[in-house]
Amino acid sequence: MTADTLQIEIQQTTKSRLQEVDFDNLVFGKNISDHMFVAEYRNGQWQDLRVVPYGDLSLSPATAALHYGQAIFEGMKAYRNDKGEVLTFRAIDNWARLNKSAERLCMPTIPEDIFMGGLTELLRLDAGWVPAQDGCSLYIRPYMFASDPYIGVKPSESYYFIIFTSPVGTYYAKPPRVKVETKYIRAAEGGVGGTKCAGNYAGSLYPAKLAQQEGYDQLIWTDAREHAIIEESGTMNIMFVLDGKLVTPKVSETTLDGITRKSIVAVAQHWGVPVEERVITVKEIIEALKNGSLEAAFGAGTAVVISPFATISYEGVDYTVPEVKPDSFVAKVKTYLTDLRTGKVEDPFGWTVKI
Ligand code: COI
């Protein structure tokens, strides 16, 4: 079955909210577009595929996901090119990662044609919501949750898969100040850190709140055993430029296989920039900050894109991260990825798809 032969019922809104949105002042996550794609899993099958006006769901208070956290999501973006067409970026990788999360959380996988077909129909209908403004895009949130109205602990037998979208601007208004976390953890070996499950984000809120009270915007997560190895940052992967090399923690079962992260690695390799995906210790980064060999430190993710850090704090000391220079690798890769996503340059990787 291809996307064209999928049975997706389309119900268009009679009251678009598009005119209410101030596209010149988009705040991340505030505006939700007119429609959503919904599929329901029952009796071992995905069914009732539909694009409907965005709105509330009616759920039992016993809904399994609300109690035991069988809930996973993805984040991806669509862009508008100079001709006004809509382009998606590596959506197929998000589909694959969602299914990896689904398997680990004992949830059904979603077939490629349902994911891509639902996304395509939704973007066709809400194409007007894709911003054309510089630095803006349409954030796409596919997610799945367990919907059995049942309070025993077991994998649910029914699920919702939904995609909705939101026009967004930048995530961080200014370069974030980040603190190396040495008490709490995000993930441990054998756990679910490598998945994009809701609980990973819930568990990060309290340590992040404590860091915010101390004046930091985000955390750098370290390994669960000794807090000695850098894993990722809150809501993003972490990358460094050290002695002219792009250095980033290798993907493991405690880190997310970020799509922006792997795009940056691929572009660096394409440009002949040396890349090291390896174990990075906190000690090494603090030493590099002290002796000046650290050229850049930044977060990479769909929401944040590339977000250079202003400060890294460790054991009560704030270290200033060098500013990104216009001719640096970080500045160039950021511009290049934006140009690629918005169709300004040719895409040698085959990552962009026109809707
Ligand atoms: C994304 O980058 O898409 C994420 O999932 C981060 C999100 C929690 C804001």
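Ligands are counted one by one from 1 in listed order, and the atoms in each one are counted from 1 as well.
No more than 12 heavy atoms of other residues, nucleotides or ligands sit less than 6.0 Å from atom CD of Glu323.
The distance between the ring centers of Phe161 and Tyr143 does not fall below 6.0 angstrom.
Under the 3.5 Å distance criterion, with hydrogens and angles disregarded, a donor-acceptor pair is assigned to the side chains of Glu231 and Thr254. Residues Asp347 and Thr352 bring a donor and an acceptor atom of their side chains to less than 3.5 Å of each other.
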Which N/O atoms of ligand 1 sit under 3.5 Å from a protein N/O, and at what distances?
| residue | atom | partner | partner atom | Å |
| --- | --- | --- | --- | --- |
| ligand 1 | 2 (O) | Thr302 | N | 3.3 |
| ligand 1 | 2 (O) | Ala303 | N | 2.8 |
| ligand 1 | 3 (O) | Tyr139 | OH | 2.6 |
| ligand 1 | 5 (O) | Lys196 | NZ | 2.6 |

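Here Leu66 sits alone; no ILVMFWY side chain lies under 4.5 Å from its own, so it joins no hydrophobic cluster.
With Phe164 as the aromatic partner, Arg141 does not meet the cation-pi criteria of under 6.0 angstrom to the ring centre and within 45 degrees of the ring axis.
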